[in-house]
Amino acid sequence: MRLELEKRPERSTLMALLSPVIAITLTLVTGAVLFAALGQNPAVALYMFFIDPLTASWSLQELVVKATPLILIGVGLAVCFLSNTWNIGAEGQFTAGALAGSMLPILLPGFESFLTLPLMLLMGIAGGMLWGGIPAFLKVRFGTNEILTSLMLVYISQLLLDWLVRGPWRDPEGFNFPESRVFSDAATLPALADGRMHVGAIFAVIAVLALSVVLLKTLKGFEIRVLGQAPRAGRFAGFSRNKIIVFAFLLSGGLAGLAGISEVSGSVNQLTPVISPGYGFTAIIVAFLGRLNPIGIFLSGFLLALSYLGGEAAQVTLGISDKTTRVFQGLLLFYVLACDTLILYRIRFARPGVSAKGA
Amino acid sequence: MTVDDTTNPQHGVVGERRGTVLLDARGITKRFGEILANDTVSLTLRAGEIHALLGENGAGKSTLVKILYGALDPNAGDLVWQGQTVTIASPAEARALGIGMVFQHFSLFEALTVAENIALALPPDQSFRALSERIRQVSRDYGLTLDPTAIVADLSVGVRQRIEIVRCLLQEPKLIIMDEPTSVLTPQEADQLFVTLERLALEGCAILYISHRLEEVQRICHHATIMRHGKVVMECDPTKETAGSLARLMVGSAVHDLKRGVVPREGDVRLALKDLSAEAEGPFSVAIENVNLNVRAGEVVAIAGIAGNGQSELFELVSGERLSSSADAVTIGAVPMGRAGITKRRRAGAAFVPEERLGHGAVPGLKLSENLLLTRHSTGDGLVQGGFLKRDRAGALEQRIKTNFDVRMSHDDPEARALSGGNLQKFVIGRELDRQPDVLVVNQPTWGVDAGAAALIRQELIDLSRNGAAVLVISQDLDEIFEIADRIAVISRGKLSEAIPAQKLTRERVGLLMAGLDEDSGGAGDAA
């Protein structure tokens, strides 16, 4: 017996839906083996990781807080990946958006009006677009590899943030801690409940709905898919590859920037040297796990948010390193990409060929 | 001779055959998903015999050959080589047995020399100098002139094929498989090849010759096996058949002649190319030099040429996928369009069908109704309104094209990749014909399409022109060109000859032009 991969004549719709389910199952099984190897009871550890965080109101709110940036960034990245544009630097665009939006409450703390928040959000979006526009420009103008340039810009933005909060933007009354001043109420996104859940969650829902419509119902969405799947056919259709690269980077950069300023203004309320546990990178997994479909990304955003909470919970109750979160996220991406093979191929068990009789 | 599908080829009427049995394939079956590419196929090859394997595209010839060459594993069946049952698990094992193959699409590294390319395929047990010497000797012996130090990129297609053949001969094969070897050759180059093949057969080598060109099969082959829908339907001596009877066996029904209709009166110029030039975009792209051509309403003009002489480059310049340096270079209707993009040219009444169906003319993973949008999203068909897609209209239009152009599909509105080559080509051409364009430019309209679909497409092109459109066809297939063209021009190394009325041209003259030799050079004998 041996396994053969046999190409299907068309994409399997069933497998497109089942593939993430299989991937999640395999991730859990591998996780259980991993926990057992660490000397933990796998059942207890998995419960702590994936179920326990769903049992309290505060942690459910926390789930939304963590899912919000993942979904906002994820839907933007979906547009990039669908158009075959590889924006790996959403983390940097997230940071750039947070920096640009925070200029207002940090540099002009006295400017408190109903315009403060909208301006901050717009500046955040602009900051993300600017940061995303750089790799797009370099790619269109000089043909550079956007994977490298967008990734390198992540480190630049993080170092810029680090320098600002330790230097010029440090809170003058902050006892020399590397933090900016705390934002005023006018610069804080309104909360949605008694916890840290804020209005940013609504932005995420709007982004999901809007991009669902754009991708499925409009010529723009068609253009994105055609150029992503067959660039020559896209050119034949009269669509411009360069324009779509710029569009995808500006859109995903803008959404990442919005996520950044929302996170800072809604949850953290000040700038600190680290403002993200890697949302921009995790959103890549979110986008693929969600089948690059906005609704799917909405769901997978929550799952990956849960992996963050679970990692913290496992660290607190079981004493396992919080790096476990990264391990789970990596496993998940690995299995999703592997299972996607089944969408275009089916597995067949082949008997050894005719030839066993030998000569 | 009447034959139906139930005839068992083993008991078919077979002429006297010479030579010892070299390879006996028995009951070979190969399945791809739901398709049975080979259904209990049996084939006997004898030493010294040129054996034709005939069939339409998709009949299962390539699958069978790949199994013989070890590139595919059969699901059932036996291979008996010189009396012993064998397993051929890889092409390397096939070569070790003495089976060589010359592929339709060459597997050569363009940046390397002839000798380097050949060395790559041989066991590394001899010095490079000795190899070069052997290459010279073998190529001299068989009349296949080759310079071992030449860089492949500089060589013509015919010479590249010689490299493949010499590479094959150096391994001293007992059986050589040739997959449509003449499809890329000029008539003169093909003649040269036939001499070599006959010589090899005389020396006792078996040759399995895959082709759908009946004329050459009748000329050089001793025996023929005909396949249809994955089965062997007939074995025969091709010299005792007519081209018509062979074609009937391949297609399964009589092939109809095209109706040419009335020879058009001189119409208005609808498509004009004036001093159209463009530089090569890369080392393997061809520069277009001063192309001039007028295509008038009511006529079909064909551009003949061997692949890679600037056809795709010319097509992109005419379609607007690539812009010309001046607006006057391309005129559609009466409007200079050289600087306008493809959408503007479509709006001016032009329609285009590129050579590649999947990936250029259609997106493999999108449904047909979505692929419809590819060329018609901005041509006033109401498929897009206010930026939103009108999917129901696209669906209705897809149905109309499916009915009018006989596009066959297993279920409604499938992804483009699920269609067979011929059906997808009918769809891609139907998509443009359905618009009733004033100007149609088609690159290789029936490349890889079965005879039935090809006849339908060619008739549609003629009908479109007779209804007042200007039709420009770029093709490598001389049969096709002479069947449909009113005037013929030849492209060679990016230069286009004058378009001459088809009646005034012979195939030989076009062949010489295709090879880049003009008539005065007296180069007819220089086919070596």
Side-chain angles (χ1 to χ4, degrees), chain A residues 2-13 16 82-84 143 210 212-243 291-292 340 343-359, chain B residues 27-29 31-35 73-79 81 84-89 316 319-322 341-346 352 354 356 358-367 370-371 373-378 383-389 391 410-411 414-419:
Chain A
R2 65 163 194 211
L3 288 176
E4 257 182 21
L5 281 180
E6 194 175 85
K7 201 165 189 341
R8 299 174 192 267
E10 287 187 74
R11 285 169 60 89
S12 157
T13 327
L82 280 173
S83 65
N84 207 14
S212 290
V213 172
V214 168
L215 286 175
L216 287 173
K217 304 273 183 206
T218 67
L219 187 61
K220 195 73 189 172
F222 180 70
E223 187 178 336
I224 289 166
R225 280 179 293 143
V226 167
L227 282 167
Q229 292 182 32
R232 275 195 87 187
R235 196 165 56 145
F236 183 61
F239 301 146
S240 157
R241 175 98 188 100
N242 283 347
K243 278 187 194 157
R291 328 274 55 200
L292 303 182
D340 276 0
I343 297 175
L344 264 184
Y345 293 84
R346 75 178 108 225
I347 292 179
R348 219 165 50 89
F349 297 98
R351 283 184 300 113
V354 254
S355 31
K357 292 158 215 152
Chain B
I28 300 290
T29 298
R31 180 184 289 279
F32 294 110
E34 274 136 45
I35 299 156
D73 222 9
N75 295 104
D78 289 314
L79 294 175
W81 175 256
Q84 286 195 310
T85 306
V86 290
T87 317
I88 306 177
E316 291 192 346
S319 71
E321 287 170 273
R322 202 173 149 196
I342 189 165
T343 303
K344 275 193 184 153
R345 296 188 197 195
R346 284 198 180 107
F352 310 97
E356 299 258 340
L358 287 175
H360 194 171
V363 183
L366 293 185
K367 293 180 169 163
E370 294 177 304
N371 268 303
L373 282 163
L374 212 55
T375 62
R376 298 184 60 170
H377 57 80
S378 301
L383 298 178
V384 177
Q385 280 179 356
F388 283 84
L389 308 179
R391 286 182 185 272
S410 54
H411 60 95
E415 287 173 10
R417 67 168 139 235
L419 257 58

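Reminder, nothing fancy here: chain letters follow the sequence lines and each chain counts from 1. Given the structure is predicted, the values throughout are model-derived calculations rather than measurements. Values below: every heavy atom of this structure, side chains too, minus hydrogens, waters and symmetry copies.
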Please table the atom pairs, donor to acceptor, closer than 3.5 Å between any side-chain atom in residues 221-230 of chain A and protein atoms at least two apart or in another chain.
from     : atom 1 : to       : atom 2 : distance (Å)
A:Arg225 : NH1    : B:Glu370 : OE2    : 3.0

| query | Are there more than 12 heavy atoms of other residues, nucleotides or ligands under 6.0 Å from atom CZ of A:Arg11? | reply | no

| said: Do A:Arg232 and B:Val363 make a side-chain contact, defined as non-hydrogen atoms from C-beta onward lying under 4.5 Å apart? | reply: no

| task | Just give me the residue among B:Gly320, B:Pro354, B:Ala89, B:Ala362 that pairs up with chain A most often, heavy atom to heavy atom, under 4.5 Å. | result | B:Pro354

| Does B:Glu321 have any side-chain hydrogen bond (donor to acceptor under 3.5 Å, both in side chains) partners at least two apart in sequence or in another chain, and if so, which? | B:Ser319, B:His360

| query | Under 4.5 Å between any side-chain heavy atoms of A:Arg235 and B:Glu316, yes or no? | reply | yes

| request: Could you look at B:Ile342 and say if it's the side chain, the backbone, both or neither that has a heavy atom under 4.5 Å from chain A? | output: side chain

| Cation-aromatic face contact B:Arg322/A:Phe236, 6.0 Å, 45 degrees | no

| Portion of B:Arg376 that has a non-hydrogen atom of chain A nearer than 4.5 angstrom | neither

| said: Is any side-chain heavy atom of A:Phe239 closer than 4.5 Å to one of B:His377? | reply: yes

| Where on B:Arg345 is there a heavy atom nearer than 4.5 Å to chain A: the side chain, the backbone, both, or neither? | neither

| task | Examine whether an atom of A:Val214 lies under 4.5 Å from a heavy atom of chain B, and if so say whether it belongs to the side chain, the backbone or both; otherwise answer neither. | result | neither

| message | More than 12 heavy atoms of other residues, nucleotides or ligands under 6.0 Å from NZ of A:Lys220: yes or no? | response | yes

| request: Please lay out, stage by stage, how B:Gln385 and A:Leu219 fare under the test side chain to side chain contact (heavy atoms under 4.5 Å, CB included). | output: CA-CA 9 Å; B:Gln385 280 179 356; A:Leu219 187 61; over 6 Å; no

